[in-house]
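Structure first, commentary second.
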Amino acid sequence: MKSITSKKAARALPTLRADVNKYTRGVCELVVGSDRFVGAAVLAVSAANRMGAGYVKAYTGEKAAGVLHIVQPSAVVLSTEEFFEEEHASTECRPRAVVAGCGMAGTDDDVRRVIDLLVLCKAPVLLDGGGLRALACEEGAAAARKRFVEGIPTVITPHGGEALRLMRFLEESAQDVPDPGRLKPQELALALARAFGVVCVLKGPDTFIATGDEESAGDVAAMLQGTPALAKAGTGDILAGMIGALLCQGADPFDACAAGTFLHARAGMLAAVDRSELCVTAEDVLDHVSAATAALERKIRKEGN
Ligand SMILES: NC(=O)C1=CN([C@@H]2O[C@H](COP(=O)(O)OP(=O)(O)OC[C@H]3O[C@@H](n4cnc5c(N)ncnc54)[C@H](O)[C@@H]3O)[C@@H](O)[C@H]2O)[C@@H](O)CC1
Ligand SMILES: Nc1ncnc2c1ncn2[C@@H]1O[C@H](COP(=O)(O)OP(=O)(O)O)[C@@H](O)[C@H]1O
């Protein structure tokens with residue numbers, strides 16, 4: 001198992017060409033939030049905007065839309081229904097990625113929407129939070145596997161509870177999966193990645209990234225340098241937005257996850273220095289994403305990549 005170094009994280013860090021425009025930089029579309037969890041939508045959208053997506057589109061409910069218009073006026077805010085009336089292919093002149101599920105309550109309607117989204121989007125999709133429930137049913141799991149066969153990347157970012165829920169579904173659907181209770185987190189990440197054909201970012205005090213791609217079988221990357229300051233509601237929503245932004249800027253999915261977790265951990269550490277480990281909030285982590293990115297850019301310039 002390899003740990004994620006600054007060198008590895010730097011691989012996914014976009015460098016801006018002089019002739020880019022907001023579309024060629026990458027469009028990050030986020031289907032996020034619910035009346036219950038407005039904040040998750042705001043955090044994920046803000047993080048995607050901060051992490052360099054050229055154009056951020058938020059598809060959400062009325063409550064979150066009202067807040068986003070004020071706190072992220074540069075993001076285009078549309079209704080969730082509108083997402084399903086548009087095409088979502090990633091093209092050379094408009095690279096794109098979709099983040100779904102942060103702040104979704106995981107209702108039957110949410111599950112239906114996320115399955116439709118997995119089928120509709122010919123672009124990288126990241127599933128987080130309530131959106132992960134869509135994989136815990138035959139139709140959603142089949143949609144993820146079909147994307148894998150078609151070579152369209154899917155990333156999932158479960159925490160320990162969400163990972164166990166997915167494993168339980170696999171057990172119930174009589175798949176040949178190991179007992180999750182006996183697995184180390186890195187093995188759990190790999191089991192999920194393989195079962196669904198996704199890149200799995202299993203979050204926790206240590207975070208493990210695994211891919212279902214047979215060619216890199218057994219390749220798990222570990223982010224072992226976080227801070228317990230990150231154990232706060234909302235920090236996972238920020239990570240999802242950050243990885244989504246890197247995906248839409250054309251990063252390889254595994255590299256985008258490595259860079260996103262690295263910069264997220266560093267942002268947490270910088271926030272802890274400024275605010276004390278105890279007092280850090282998810283908003284503070286968001287505020288330190290740019291400092292973490294600038295520090296990585298300085299390091300690359302100094303040491304070469
Ligand atoms: N301000 C907001 O609007 C926030 C909204 N959130 C959203 O709330 C929805 C539900 O997410 P939750 O994670 O709260 O609830 P879930 O009900 O999906 O998962 C929490 C359950 O998993 C268990 N669990 C086991 N291991 C865990 C681990 N390592 N970390 C966390 N829980 C673990 C917990 O004990 C609990 O029973 C998601 O859509 C999420 O995006 C959260 O991100 C928090 C902030
Ligand atoms: N003790 C810890 N040490 C380091 N990082 C942690 C710790 N606890 C949680 N994290 C990180 O904080 C984030 C929490 O994400 P998540 O559980 O999805 O929160 P939320 O759903 O509230 O946004 C993850 O990136 C996780 O790796």
Side-chain angles (χ1 to χ4, degrees), residues 3-4 30-48 58 60-61 63-64 67-68 71 80 99-107 109-111 113-114 126-136 155-169 180-181 183 185-186 188-189 192 200-209 221-244 257-272 277-278 280-286 288-289 292:
S3 57
I4 300 165
L30 300 99
V31 185
V32 286
S34 57
D35 283 357
R36 190 181 172 90
F37 300 122
V38 167
V42 175
L43 291 167
V45 169
S46 307
T60 191
K63 271 198 196 171
V67 179
L68 280 167
V71 301
T80 308
V99 173
C102 313
M104 275 186 191
T107 60
D109 278 352
D110 290 335
V111 167
R113 282 198 196 102
V114 174
L126 180 153
L127 297 184
D128 183 49
L132 289 167
R133 285 181 191 265
L135 291 189
V155 172
I156 63 171
T157 53
H159 58 52
E162 290 158 341
L164 283 181
R165 222 177 281 149
L166 290 174
M167 286 301 282
R168 239 175 271 137
F169 157 72
L183 294 180
Q186 57 269 39
L188 181 55
L192 289 172
C200 175
V201 179
L202 177 59
K203 299 177 294 190
D206 294 330
T207 289
F208 298 93
I209 304 168
M223 177 69 240
L224 308 172
Q225 302 167 47
T227 158
L230 285 169
K232 288 281 281 187
T235 54
D237 304 312
I238 293 171
L239 178 66
M242 291 171 74
I243 296 175
C257 295
T261 51
F262 179 92
L263 290 170
H264 184 254
R266 289 297 160 104
M269 287 156 81
L270 291 173
E277 225 170 45
L278 184 66
V280 167
T281 63
E283 291 79 359
D284 295 328
V285 177
L286 186 56
H288 285 80
V289 168

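Note that the coordinates shown come from a computational prediction; the quantities given were computed from them, not determined experimentally. We count ligands from 1, going down the list as the structure has it; atoms in each ligand are counted the same way. When reading the values below, keep in mind they use all heavy atoms of this one structure, side chains included, and skip hydrogens, waters and symmetry mates.
Between H159 and ligand 1, at least one pair of N/O atoms sits closer than 3.5 Å. Close N/O approach between D237 and ligand 1 is found [any backbone or side-chain N/O within under 3.5 Å].
Between atom CG of residue L202 and atom OG1 of residue T207 there is a gap of 7.0 Å, rounded to the nearest 0.5 Å. Atom-to-atom distance recorded for H264:NE2 and L286:CG is 9.5 Å, nearest 0.5 angstrom. Distance check: T227 OG1 to M269 CE gives 7.5 Å after rounding to the nearest 0.5 Å. Atom CG in L127 sits 5.5 Å away from atom CG in L135 (nearest 0.5 Å). Summarising the geometry, atom CZ belonging to R266 is positioned 14.0 Å from atom NE2 belonging to H288; distances are rounded to the nearest 0.5 Å. Taken from CD1 in I243 to CD1 in I209, the straight-line distance is 6.5 Å, to the nearest 0.5 Å.
Across G160, P205, G131, heavy-atom proximity to atom 29 (N) of ligand 1 is greatest for G160. In this comparison of G234, G161, G39, the heavy atom closest to atom 25 (C) of ligand 1 sits on G161. Nearest-residue assignment for atom 21 (C) of ligand 1 (options K203, R165, E162; heavy-atom criterion): R165. When G129, G103, A233, A40 are checked for heavy-atom proximity to atom 41 (O) of ligand 1, G103 turns out nearest.
Nearest heavy atom pair, residue L68 against residue A58, reads CD1-CB, 3.8 Å. Annotation for L192 and M167: closest pair CD2-SD, 3.6 Å, computed over non-hydrogen atoms.
Around ligand 2 you find H159, K203, G204, P205, T207, T227, P228, L230, A231, A233, G234, T235, G236, D237, L239, H264, each with a heavy-atom distance below 4.0 Å.
Heavy-atom distances between G236 and ligand 1 stay at or above 4.0 Å for every pair.
For atom 9 (C) of ligand 1, the closest non-hydrogen atom on the protein side is F37 CE1, 3.5 Å.
The protein does not reach atom 34 (C) of ligand 1 closely, with no heavy atom under 4.0 angstrom from it. Shown here, atom 16 (P) of ligand 1 is in close reach of the protein: a heavy atom of it lies under 4.0 Å off. In this structure, atom 27 (C) of ligand 1 has a protein heavy-atom contact shorter than 4.0 Å.
Ligand 1 places these atoms under 4.0 Å from at least one heavy atom of G101: 39 (O).
Side-chain atoms of D110 come within 3.5 Å of backbone N or O of A105 as a donor-acceptor pair. Remark: the backbone N or O of A222 is not paired with any side-chain donor or acceptor of S3 at under 3.5 angstrom.
Across L126, D128, T60, V99, a single residue satisfies side-chain contact (heavy atoms from CB on, under 4.5 Å) together with L30, and that is V99.
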Pair up each side-chain donor or acceptor in residues 232-242 with any protein partner under 3.5 Å, not counting sequence neighbours, and list the distances.
{"from": "T235", "atom 1": "OG1", "to": "L230", "atom 2": "O", "distance (Å)": "2.8"}
{"from": "T235", "atom 1": "OG1", "to": "K232", "atom 2": "O", "distance (Å)": "3.0"}

